[in-house]
J.: 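I have a structure I would like to understand better, so I am pasting it below and will then ask my questions one at a time.
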Amino acid sequence: MSVDWRKKFHQVSLFLYEARPSDISDMRVPAKVYADEEIFTAACLDQSLNQLVNVAMLPGIVGQAIAMPDIHEGYGFPIGGVAATAWPRGAISPGGVGYDINCGVRLLLSDFHFKEIKSKIERLADELMRAIPSGAGRGGRVVLTSSQIDEVLIGGAEWCVKNGLGEKSDLENLEENGRLDGAQPSEVSETAKRRGKNQLGTLGSGNHFLEVQCVEEIFDETASRAFGLFPDQVAVAIHCGSRGLGHQVCTDFVRQMLSKQDEYGYHLPDPELACAPADSPEGRSYLAAMAAAANFAWANRQVIVHHVRGEWLRLFGAESFLGTLYDVCHNMAKIETHEISGVAKRLLVHRKGATRAFAPGRLEIPAIYRSVGQPVFIPGTMGTSSYVLRGTEKAMTETFGTVCHGAGRRLSRHAAKRQVEGDELRKRLEEQGIVVRARSSAGLVEEAPEAYKDVDAVVRVVEAAGLASRVARLRPVAVIKGD
Amino acid sequence: MSFEPIPHTGDMAVVVKAASRDELFSEAVRAMFAMTQPRQDVAERSVERSFNILSLEENSLLVDLMNQALAEAEINHEAYQKVIFDELKTASARGRFIGLTVAGFETPIKAVTHHNLIIRSDGDQWTARITFDV
């Protein structure tokens, strides 16, 4: 039975819509969507608002269930979904993190202006395509032994640096310094480890990518100086996650928690919301496994950075620089302190296709950025802009310090394949000056810009709602999907 | 064709039809691997992988069976075209996945989900609707 969501959600301000517990039974807290009229209208057409309302029913949920303007239908949570539960007794839901645990984005900055290396971009793209496997065919260049995989699950990006696959300065500028405490390899199944052991340093497929970008416009001079950004600067963005290891952890724990719903007296409307109290044996096991998978994802991105640097040095010489601006996660659950009605509370914040965006002054932010706020990356799609933003105090108040993670899909892969032709898309991108390296045109077509919402509009909503502030816009100059 | 892809904004979904429950479960696995678009292995050979699964109930059994097939396929670089059941009950199954080695997948699937999952029978025909995280 379809629901007219316009009758359930009230527009409370220009970019905020809200459904209240008084309007929909079983909701424990309000459900809020940050969206403009067009985005909200699109959200009414799939199950994303229904999913957001279901999230508002989670045991122990605090404040509100939130969706960002890149909202679309997911599993359990909508993509762009955020929910905080009371720590330690509120629910932890693997569906509120997602199958790709710690999918995220690393942004590297060079000291080049684009015009200095423009003539070498095609060669750079060729070398990166060769050097960075997608993992869909051949595995990664680093194959882990059984003991090494456990070390990676505990050590994350730190393991990479200790093993010559990164620089110490990288760790200072990663969310959580690239390693979440509490990881327990024993809580990760053998199947998950077997899936992950030859996937370290692989991009994955679908909307994962490696992109060479160029800073096109600076909006915030102070923040851009703090972040090390300058006009026409060449940057490299890496978007990937925990690969098969993380996918299996989520699969394993959704299965396990489904078997426990009756025991905990949970009656949730969607099996993908299966959860357990965070301090229950299942909750603790999941958090330990999730941390391990998150560490694998940070290590994955770090190994890719190492390979990218290898090609960079080979092409541009030993004096060239490629440093880490920051690394953000957008599928994660974290224990954080937030103010609820003026009282500091420990909460378990689920972000599913949503990015942490902490305000200036927060101690979790690296010291060099703390005065301006946490760097946030919103990647576009092929051929469209990406953005660097910074977190704000308003986000801390309204969204547990969270913003969107990307543009958000609007077309199914099937519809994208019907509407877009692979060779035409490749030609269109090349005419825009974007070098494209992808094994298959089918994969490109599924990720065509037409398949996504307008990233400029999504970022406009986030900024207009006061949740983050634009620092710079970057344009793609090369898109690499991995061999 | 016993299966048909259906639209899903973020990922992939399929409707599978078959004449019996055994066949439905086997066809669901076949459909899933067809949608991953396996790349042919130059040294292609036939493979069998056994499974023994205990689930909560029928819907979960289909998800668990397909996720096990996915995991085996990713670990061993294989794709399965058929499932042979030695035993198939409401919430448990034992048997073998039958397939071929592959060089990789054009569209790898992360997991089979419970999202919008329907299994129904109207006497003559069994139907399942399944959503994959891609």
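Every chain is numbered from 1, with letters handed out A, B, ... down the list of sequences. What you are looking at is a predicted structure, and each value in this text was computed from that prediction instead of being measured.
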J.: What are the residues of residues 86-101 of chain B, in order of number, with any heavy atom under 4.5 angstrom from a heavy atom of chain A?
T.: none
J.: Contact between K110(B) and Q248(A) at the side-chain level, heavy atoms closer than 4.5 Å - yes or no?
T.: no
J.: Can you name the closest pair of heavy atoms from I75(B) and T191(A) and give their distance?
T.: CD1-O, 3.9 Å
J.: Ignoring hydrogens and angles, tell me if any N or O in the side chain of Y99(A) forms a donor-acceptor pair with the backbone of T113(B) under 3.5 Å.
T.: no
J.: For Q419(A), check side-chain hydrogen bond (donor to acceptor under 3.5 Å, both in side chains) against everything at least two apart and list the hits.
T.: none
J.: Decide yes or no for E74(B) and R194(A): does some side-chain heavy atom of the first lie under 4.5 Å from some side-chain heavy atom of the second?
T.: no
J.: Please give me the minimum heavy-atom distance between Y75(A) and F132(B), naming the atom from each residue.
T.: OH-O, 3.0 Å
J.: Between chain B and each of D100(A), D270(A), N207(A), count heavy-atom pairs under 4.5 Å; write down the option with the most.
T.: D100(A)
J.: Tell me, side chain or backbone of V102(B) under 4.5 Å from chain A's heavy atoms, or both, or neither?
T.: neither
J.: Answer yes or no: is there a side-chain heavy-atom contact under 4.5 Å between S55(B) and R255(A)?
T.: yes
J.: Less than 4.5 Å to any heavy atom of chain A: does that hold for the side chain of N59(B), its backbone, both, or neither?
T.: neither
J.: Q47(A) versus N116(B): any side-chain heavy-atom pair under 4.5 Å?
T.: yes
J.: Hey, mind stepping through H115(B) and E73(A) against side-chain hydrogen bond (donor to acceptor under 3.5 Å, both in side chains) and telling me if it holds?
T.: CA-CA 10 Å; H115(B) 182 62; E73(A) 187 175 323; 2.7 Å; yes
J.: Count the heavy-atom pairs under 4.5 Å between each of E272(A), H414(A), R410(A) and chain B, then report the option with the highest count.
T.: E272(A)
J.: Between T107(B) and chain A, with a heavy-atom cut-off of 4.5 Å, which part of the residue counts as in contact: side chain, backbone, both or neither?
T.: side chain
J.: Answer with side chain, backbone, both or neither: which region of T36(B) has an atom nearer than 4.5 Å to a non-hydrogen atom of chain A?
T.: neither
J.: Counting heavy-atom pairs under 4.5 Å with chain B, which one of R409(A), Q51(A), R243(A), R195(A) comes out on top?
T.: R195(A)
J.: Measure distances from Q37(B) to the heavy atoms of chain A and classify the residue's part below 4.5 Å as side chain, backbone, both or neither.
T.: side chain
